[in-house]
Amino acid sequence: MNQSKLPTVYLVDSENVNDVWIRLVPEMDEQDEILVFYTEKSPHMSYEKVIELTQLSDRPIRWIKCVEGSNALDFQLVTELGARVATQPGHVFVIVSNDNGFDAVVKYWTQREIPVRRMKSTECKQLCRKPRNKTGEMDPVVVEPVEELQEEPEKEPEFAYLSDIEQLGRSIPLSKLTLFHDAFVCMYDQEIGDAIYYYMKDHKEQLEYLSEFYLPKRKARLKNYFSMALERAGGNPAGTDDVMDIYNHIDEPKKNLQKLNVEAVKKFGQEQGSSYYKILKKHVKIMSKL
């Protein structure tokens with residue numbers, strides 16, 4: 001073991017990176033720890049991954065179930081990070097997520113000389129290709145010092161709507177760029193929808209990792225999509241589950257819009273029910289294709 005390596009705490013955004021974080025487990029030293037933040041929206045693990053994790057069960061992994069809501073997991077992860085920074089001096093903290101929204105958190109702490117960084121899912125994948133040492137084990141992951149993190153080479157700025165693309169990638173496969181386009185036109189407007197479409201078309205190879213996020217169950221895809229549409233419309237996400245329960249129990253919702261309206265008003269009252277219905281009506285054609 002590399003004695004100069006500081007103990008590391010990995011904080012995993014499971015909604016965002018799927019189960020690729022498991023690649024970290026064999027890399028851990030005894031003093032390292034993984035915190036897995038999850039909700040009902042987190043992709044489910046395959047049996048192969050569960051078996052793999054069970055075989056590594058002696059590793060210090062803590063499962064943290066998060067309260068659900070708009071960006072709720074992110075807020076709870078950042079809260080835990082702040083608590084750990086205060087109580088675990090001398091540790092390195094790694095946020096495992098493709099969400100560039102965490103970069104502001106990284107910058108905040110690195111400016112205060114706390115070693116915090118973000119690790120993308122692609123970095124986790126590369127761990128299995130690292131050369132092994134003489135003992136047959138992979139060399140441990142060493143987080144670069146803060147000074148080096150502050151001197152990153154210039155790179156192309158991340159696209160403003162990348163986090164939106166990643167979230168929608170849970171509901172729409174990358175092969176359906178036109179559906180991405182139509183969805184973003186509905187959520188924003190024609191100009192933004194066009195901009196996102198051409199960005200995705202020009203960066204399709206770089207966006208192949210989106211396939212890791214795609215939810216296998218249609219009900220989960222619908223819920224993720226409606227939650228996102230609701231949030232972009234400034235609606236109250238508290239009733240998402242109930243709205244989707246209504247949607248899923250109506251035959252061919254696209255052809256039964258009036259019934260959707262009636263059931264939504266019956267469930268939530270005139271004002272709230274009508275607001276949910278207006279969003280459903282706007283997105284129902286796209287949802288029928290998920």
Side-chain angles (χ1 to χ4, degrees), residues 2 4-25 27-29 31-39 41-42 60-64 66-67 69-127 130 140-167 169 203 206-207 209-210 212-213:
N2 186 350
S4 63
K5 179 180 178 292
L6 295 175
T8 301
V9 178
Y10 298 94
L11 301 97
V12 179
D13 175 4
S14 68
E15 286 186 347
N16 189 280
V17 297
N18 206 329
D19 57 16
V20 71
W21 60 269
I22 294 176
R23 305 278 181 90
L24 293 169
V25 180
E27 306 298 312
M28 296 169 64
D29 285 341
Q31 72 270 34
D32 295 342
E33 184 178 4
I34 289 182
L35 311 178
V36 183
F37 295 80
Y38 72 96
T39 67
K41 296 180 181 178
S42 299
I61 300 173
R62 179 184 171 197
W63 302 85
I64 301 177
C66 296
V67 176
S70 178
N71 296 319
L73 185 151
D74 298 350
F75 293 132
Q76 290 165 88
L77 187 153
V78 170
T79 300
E80 182 72 23
L81 170 63
R84 294 291 183 126
V85 167
T87 59
Q88 294 180 299
H91 283 61
V92 171
F93 302 92
V94 180
I95 300 172
V96 184
S97 177
N98 292 312
D99 187 346
N100 59 8
F102 285 114
D103 291 345
V105 179
V106 172
K107 184 175 181 180
Y108 175 89
W109 286 115
T110 54
Q111 287 179 341
R112 288 157 178 77
E113 299 186 351
I114 301 296
V116 177
R117 76 177 185 97
R118 179 167 68 92
M119 173 184 281
K120 298 181 181 180
S121 60
T122 51
E123 293 181 68
C124 293
K125 288 182 176 180
Q126 290 168 359
L127 294 177
K130 290 174 68 66
V141 177
V142 180
V143 178
E144 296 177 345
V146 174
E147 292 77 15
E148 294 182 27
L149 287 174
Q150 294 174 337
E151 298 177 1
E152 293 180 346
E154 291 186 7
K155 58 183 179 181
E156 180 183 352
E158 289 191 329
F159 187 57
Y161 295 94
L162 182 58
S163 61
D164 290 76
I165 293 171
E166 291 176 342
Q167 184 174 352
H203 296 78
Q206 294 95 314
L207 293 172
Y209 67 87
L210 291 178
E212 301 172 8
F213 304 161

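Please read all numbers here as calculations on a predicted model, not as lab measurements.
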Note to self: Apply side chain to side chain contact (heavy atoms under 4.5 Å, CB included) to residues E166 and L210 and explain how you reach the verdict.
What the structure shows: CA-CA 6 Å; E166 291 176 342; L210 291 178; 3.9 Å; yes
[atom1]/[X] to [atom2]/[Y] distance, rounded to the nearest 0.5 angstrom?
X    : Y    : atom1 : atom2 : answer
I95  : L35  : CD1   : CG    : 11.0 Å
I114 : Q88  : CD1   : CD    : 12.0 Å
N16  : S163 : CG    : OG    : 9.0 Å
D103 : S97  : CG    : OG    : 9.0 Å
E212 : N98  : CD    : CG    : 7.0 Å
E15  : Q167 : CD    : CD    : 8.5 Å

So do [Y] and [X] actually touch side chain to side chain, heavy atoms under 4.5 Å?
X    : Y    : result
V20  : Y209 : no
V105 : F93  : no
D13  : F37  : no
Q76  : I64  : no
T8   : M28  : no
M119 : L24  : yes
V78  : F102 : yes

Next item on the list: Please answer whether the main-chain N or O of Y108 pairs with a side-chain N or O of Q111 as donor and acceptor at a distance below 3.5 Å.
Entry: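 No: the side chain of Q111 does not pair with the backbone of Y108.
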Notebook entry, point to check: For G101, does its backbone N or O pair with a side-chain atom of D99 as donor and acceptor, under 3.5 Å?
Noted result: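 Yes; judged by distance alone, with no hydrogens or angles, the pair exists.
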Residue pair [X] / [Y]: nearest heavy atoms and the distance that separates them:
X   : Y   : result
V25 : I61 : CG2-CD1, 4.0 Å
D29 : D32 : N-OD2, 2.9 Å
T39 : L73 : CG2-CD1, 4.0 Å
V17 : W21 : CG2-CD1, 4.5 Å

Margin query: For a side chain to side chain contact (heavy atoms under 4.5 Å, CB included) check, start with the C-alpha distance between R118 and N100, then their side-chain angles and the critical distance, and finish with the verdict.
Written below: CA-CA 8 Å; R118 179 167 68 92; N100 59 8; 3.8 Å; yes
Check: By salt bridge (Lys or Arg N to Asp or Glu O under 4.0 Å), which residues pair with D74, not counting sequence neighbours?
Finding: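 For D74 there are no salt bridge (Lys or Arg N to Asp or Glu O under 4.0 Å) partners, ignoring immediate neighbours.
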